[in-house]
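One structure is given here, and the rest of the page talks about it.
Quantities reported herein were computed from a predicted structural model and do not represent experimental measurements. We count ligands from 1, going down the list as the structure has it; atoms in each ligand are counted the same way. Worth knowing before you read on, the calculation uses all heavy atoms, side chains too, and leaves out hydrogens, waters and symmetry mates. Just so you know, residue 1 is the first one in the sequence shown, and it goes up from there.
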Amino acid sequence: MLDLKREIAEILAKLLEDMDVEQIYGMLEQPPSPEMGDLAFPCFKLSRIFRKPPADIARELANKIPISRYIERVEPVSGYLNFFFKRSAVISDVLKQVLTERESFGSSWEGKGKTIVVDYSAPNIAKPFHIGHLLSTIIGHSLCRIFKFLGYNVVGINHLGDWGTQFGKLIAAYRRWGSRERVERDQIKELMDLYVRFHEEAEKDPSLEDEGRNWFARLEKGDREALELWQWFKNISLEEFKRVYRILGIEFDSYAGESFYVDKVWDVVEELRSKNLLKESEGARIVDLEPYGMPPFLILKKDGSTLYATRDIAAALYRKKAYDFHKCVYVVGATQILHFRQWIKVIELMGYRWAKDIVHVPFGTVSLEGKKLATRKGQVVLLEDLLTEAVKKTLEIIEEKNPGMENKNEVARQVGVGAVIFSHLYSSRIKDISFSWEEALNFDGETGPYVQYTHARTCSVLQKAGYTPGNSFDAGLLDTKEEYELAMALYRFPEKVREASGEYEPSVITRYLVEVAQAFNRFYHEHPILVEDEALRAARLALVDAARIVLSNGLWLIGLTSPERI
Ligand code: ARG
């Protein structure tokens, strides 16, 4: 991989005996504006070591820097040593690399032989699949792709919320007021209504709560009637979830949800007991986490039933055995930060060193036009409705601008769904999102459609030119500012992929794609591509093809497609 920072760090390391390449690498910065050079080395920290003012150090270093393939000149400016690259060499090597590696440009083998488990999406069955689940679903999916791109073996798991007392309540409600026809007709909506009704009636008649608990106890014991109803409700939910996953282009390697661990929790309880970690507290069993500044962690309720938390511990132990993961990554909202800190601590207390390989990747909450999402009050937007609406709007725009377009339904789907994903992966994940229809369906500015459209533009230029990859070209002809800035943007892609992976942050790619699209469009508007001069034309087409490759690879990483025509 072409790594200009490393080239420069190596040159500096030879001049600075007290420092190694890694240290220097970490200090090199990108200057705030291109006039200040392509990379800057701040000399302030060195001033203590050398007992000289930073400006003197920068000046002395500047005199010693040898001229090399990538360095045209250096300039000491108030304590910084600014490097200016030899543009033709950089552009030539960047393009050569992108155009030979193509679909794999930006990828690497850092993950070879290692497995990363990604636990994401994980909606609760018998509840509507709404925009509150969007972030986990698309952040998790993008992380899966980023890790795969870096050579990891990835296992995507949908840890469905398919177990717990709420299903006892739902069964009780169904047996009292439900009917097979209504559930078959209205599916999740009817299940939700039954669940809401249960809570309303239980306020008047608290004995209902016991009835619900009773049914859950029967479910945990494997009672046939309870299990059959539960399985039926689960199938109904899965059908709806899978419809949405299909629209989003997402597939999971496993749907082992909470119920998968029901028979595995008892070993956990036993293990905790034998390791002296289990304590009794008011009839329940807990792990005391006070020494670590956290509230007690509930393992078994008073009535002996297990919890979400217990199943998370069982799941981690199971996954370590089944996949021998290098990392197990959980894409779950920030509201569960404490829950994750607690159970990861418990794993550590159990003596498992791999507790450090469990990573919680939290994200902000989604509210609806400023108000909290509330399933029971109907204050939600279904994911399926949002996606359908986005596709519909895209189709309307296509009908207006390009009615003769081939397969417009498919393109509308790719662009509409892409717009929703892109806008939700644009901010850093921890930021709260206030969902508004207007914003979700705004396709102007720094959006998915803009980037996809730019990609389609690269395709149409190449097609018009009858371009075939692999022709030789003279990169030295690409000597304008716009061409250089576009090439530098392309050059940064591998670094951005690593950054996104290291920070578990797809937004790094999303924002980067906007940068590339903008750099491409500036180039496109300033410089004609299909010029008479054949040599110049060949060089510019190579640059266009390289931009196309990076846009397409990057869009794939955040879960979008790159249609050739829009
Ligand atoms: N079903 C849970 C919820 O909706 C998320 C589960 C996340 N995964 C996990 N292993 N805890 O809050």
Side-chain angles (χ1 to χ4, degrees), residues 116-141 143-144 154-167 170 188 191-192 195 230 233-234 237-238 240-242 244-245 250 252-262 264-265 268 297-299 306-323 325 327-347 354-355 357-367 372-376 380-383 429 432 504:
I116 298 190
V117 171
V118 184
D119 176 317
Y120 71 107
S121 198
N124 299 327
I125 66 164
K127 293 225 176 131
F129 196 16
H130 59 71
I131 50 170
H133 305 111
L134 181 61
L135 284 181
S136 173
T137 307
I138 60 181
I139 293 172
H141 183 229
L143 290 178
C144 285
V154 177
V155 183
I157 301 182
N158 196 334
H159 188 79
L160 291 173
D162 61 358
W163 205 253
T165 35
Q166 68 270 36
F167 300 107
L170 186 59
I188 291 188
L191 297 179
M192 195 55 221
Y195 189 64
W230 167 81
F233 300 156
K234 179 167 167 176
S237 308
L238 269 178
E240 176 174 324
F241 298 168
K242 285 188 177 170
V244 175
Y245 294 136
I250 294 180
F252 291 89
D253 299 297
S254 160
Y255 276 92
E258 291 187 48
S259 66
F260 182 74
Y261 300 100
V262 173
K264 299 176 181 61
V265 292
V268 175
F297 191 66
L298 194 55
I299 296 283
T306 64
L307 295 121
Y308 173 59
T310 333
R311 292 187 279 280
D312 256 335
I313 295 182
L317 294 173
Y318 173 84
R319 289 171 187 176
K320 184 63 192 174
K321 260 204 211 103
Y323 305 111
F325 55 74
K327 278 200 179 123
C328 188
V329 174
Y330 292 79
V331 187
V332 184
T335 48
Q336 294 191 29
I337 285 180
L338 178 62
H339 165 73
F340 275 89
R341 277 186 52 218
Q342 285 181 303
W343 76 254
I344 296 171
K345 190 61 170 178
V346 173
I347 298 267
W354 49 265
D357 305 326
I358 301 170
V359 185
H360 177 209
V361 175
F363 53 84
T365 45
V366 178
S367 56
K372 206 174 159 206
L373 296 178
T375 311
R376 285 195 210 158
V380 291
V381 174
L382 295 185
L383 257 183
R429 59 178 155 74
D432 292 340
Y504 307 97

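- Given atom 12 (O) of ligand 1, the protein heavy atom at minimum distance is Q336 NE2, 2.9 Å.
- Atom 8 (N) of ligand 1 has D119 OD1, 3.1 Å as its closest protein atom, hydrogens excluded (heavy atom only).
- Atoms of ligand 1 found under 4.0 Å from any heavy atom of V332 (numbered from 1 in listed order, with element): 7 (C), 8 (N).
- Those atoms of ligand 1 that come under 4.0 Å of a heavy atom in H159, given as number and element, are 8 (N), 9 (C), 10 (N).
- In this structure, Y308 has a heavy atom closer than 4.0 Å to ligand 1.
- Close approach to Y330 involves these atoms of ligand 1, each under 4.0 Å from a residue heavy atom: 10 (N).
- Evaluated by nearest non-hydrogen atom to atom 3 (C) of ligand 1, the leading choice among N124, L160, T335, V331 is N124.
- Residues W354 and F325 place their aromatic rings such that the two centres sit under 6.0 Å apart.
- L191 and L170 get closest at one heavy-atom pair: O-CD1, 3.4 Å.
- Here the protein heavy atom with the shortest distance to atom 2 (C) of ligand 1 is A122 O, 3.7 Å.
- Of all heavy-atom pairs spanning F297 and A309, the tightest one is CZ-CB, 3.1 Å.
- For the pair N158/F241, no side-chain contact is recorded, criterion being any heavy-atom separation below 4.5 Å from C-beta on.
- When every heavy atom of H159 is checked against every heavy atom of A315, the shortest pair comes out as CE1-CB, 3.9 Å.
- Each of the atoms 9 (C), 10 (N), 11 (N) of ligand 1 lies under 4.0 Å from some heavy atom of D312.
- C144 SG to D253 CG: the interatomic distance, rounded to the nearest 0.5 Å, is 7.5 Å.
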Which donor-acceptor pairs under 3.5 Å do side chains of residues 124-133 form with protein atoms, sequence neighbours excluded?
{"residue": "H130", "atom": "ND1", "partner": "G132", "partner atom": "N", "Å": "2.8"}
{"residue": "H133", "atom": "ND1", "partner": "H130", "partner atom": "N", "Å": "3.2"}
{"residue": "H133", "atom": "ND1", "partner": "H130", "partner atom": "O", "Å": "3.4"}

